[in-house]
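A quick write-up on the structure given underneath.
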Protein chains: 2
Amino acid sequence: MTISIDNFVKTIYKQSKLSEADTRISTVAGILNITNSAVTDMARKLALKNMVNYTKYKPLTLTESGNQLALKVIRKHRLWESFLYKTLNLSLHEIHREAEHLEHLTSDFLANEIDKYLGNPSTDPHGDPIPTINGEIEKDVSQILLSEVNAGYTYEISRLSSSDKEFFNFCYSNNISIGAPIWVEKQYGHQKMTEIRIENNKILLNQDFTKFIYVKLLD
Amino acid sequence: MTISIDNFVKTIYKQSKLSEADTRISTVAGILNITNSAVTDMARKLALKNMVNYTKYKPLTLTESGNQLALKVIRKHRLWESFLYKTLNLSLHEIHREAEHLEHLTSDFLANEIDKYLGNPSTDPHGDPIPTINGEIEKDVSQILLSEVNAGYTYEISRLSSSDKEFFNFCYSNNISIGAPIWVEKQYGHQKMTEIRIENNKILLNQDFTKFIYVKLLD
DNA sequence: CAGAATAGTTAAGCTTGCTAAAATATGTAA
DNA sequence: TTACATATTTTAGCAAGCTTAACTATTCTG
């Protein structure tokens, strides 16, 4: 497996979680920053290798072995993030940036040694779950995207699932961090905005934020 | 810079230290496990990029910028070895194997963070010097290859500069480790063998070992 | 110093992972 | 339901990093 293939299946994996219907050629091309034809090309090649299901003009999906590869890459990514965070004390943005590269040249052996060192953590510093060595990933159904929660309740932030520097800068400045309690004041359906109250500050978040923040209902 | 280029300049750098005259196309090809024509090809391309000095039929040498790139790669390699050794407690053979991959996808930023974490070490766990961020590398003239020392003196082992698993297995079994004192009984010039005494055991080492073990004279 | 052995070069060709441009299919709005 | 906009596919082509095979230069040996 090459770095290109790693990134290709990882992208399909993640995009499928967001929207199966929108895991289309042009969407994947946009994320990977390559042309549509390069994506069509790769999709065909990976279909031959039984990693991807490809039907002309249809959204892309992963086969079971494509799925397992994606989970392996994500596992390595999140283990690196955890490891660099713990040892070197880098920021959430920096660990992502470095892990994005290291994930591709990491042996299963090394990933497992890092996992052992960390005590087999279930999540990384962003709160994202770390797939196990067997390719299982925990789906915590109690976690909901902030863009989709009901207004009028208090929640606890459980994941900051972004990779963008500005995102984390904003979160840091506004005390949006994992474990912090927030009150959801109102959801503006049409404008796709969410009004929250955190430490007595009122903040209006758009989907650039609320699609990356997961919360749990506090009872 | 690509992984191929990293490995190419690293190989020329290391081979040049062993023997400038024998830093030839076929020698480099043998080390990289590619054909002579692939080496000629790459040498030409890197000559255009001003990394390598290439004259037909002559040994390869690095330009100043090729040298700097090689030192950067070696720095990252040795920092990774040191970091994995310290945190994960891997063996000398394992750290080499993993660093061999990681060195290529490591940002200067990350290398510097690792360096800071380790307290700017001057050598890695093999005893090999770590180039500085400015591309300087310490040459300790008091260190001599075991293949070249005079018999009849006691030395201290200062470097085990190999990457071979069997090499380290043998060293481990015979208490050959950094810091250990050894008595050099005899040098057999013709057969290229060295007879040493370590912890009252007499061992005859050939050049597969003595070309990778550096020692310092104990006074 | 000739000739053989060895090393190096050149040429042609392959795969991977892309791009650009042209052709075609799909979806949508009038 | 046509017509257009958009998405996708197809075709041609390129650079990197290789290989194999044929050819040529260098070096070693007798």
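Just so we're on the same page: letters track the sequence lines, and every chain starts at 1.
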Starting from [atom2] on [N], measure out to [atom1] on [X] and report it in whole angstrom.
| X | N | atom1 | atom2 | answer |
| --- | --- | --- | --- | --- |
| A:R24 | C:dA25 | CZ | P | 18 Å |
| B:I25 | D:dT24 | CD1 | C1' | 15 Å |
| A:F8 | C:dT16 | CZ | C1' | 14 Å |
| A:D41 | D:dA12 | CG | P | 14 Å |
| A:Y57 | D:dT6 | OH | P | 17 Å |
| A:N7 | C:dC18 | CG | P | 9 Å |
| B:I3 | D:dC18 | CD1 | C1' | 15 Å |
| A:M42 | D:dT9 | CE | C1' | 17 Å |

| note | Which of B:T106, B:D6, B:D108 passes side-chain hydrogen bond (donor to acceptor under 3.5 Å, both in side chains) with B:K72? It is B:D108
| query | Pick from A:H126, A:R78, A:H77: which one makes a side-chain hydrogen bond (donor to acceptor under 3.5 Å, both in side chains) with A:H96? | reply | A:H77
| message | So that I can tick it off, tell me whether B:K116 and B:E113 are bridged by a salt bridge, with the cut-off set at under 4.0 angstrom between side-chain N and carboxylate O. | response | yes
| Any ion pair linking A:R159 and A:D140 (charged N to carboxylate O, less than 4.0 Å)? | no
| DNA chain C: 5'-proximal contact among B:N36 and A:S37 (nearest heavy atom) | B:N36
| said: Is there a side-chain contact between A:T2 and the phosphate of C:dG17, meaning an N or O under 4.0 Å from OP1 or OP2? | reply: yes
| request: For D:dT8, take OP1 and OP2 only and decide whether either is under 4.0 Å from a side-chain N or O of A:S26. | output: yes
| task | Could you tell me whether the side chain of A:T35 has a donor or acceptor atom within less than 3.5 Å of a complementary atom in the base of C:dA20? | result | no
| note | Side-chain atoms of A:T40 come closest, of D:dT9, C:dT16, C:dG8, to D:dT9
| Of the nucleotides D:dT9, C:dC18, D:dC18, which has the atom closest to the A:Y54 side chain? | D:dT9
| request: Answer yes or no for B:K216 and B:Y214: cation-pi contact, defined as NZ/CZ to six-membered ring centre under 6.0 Å and angle to ring axis within 45°. | output: no
| message | Classify B:K56 by what it touches in the nucleic acid, base, sugar-phosphate, or nothing, heavy-atom distance under 4.0 Å. | response | sugar-phosphate
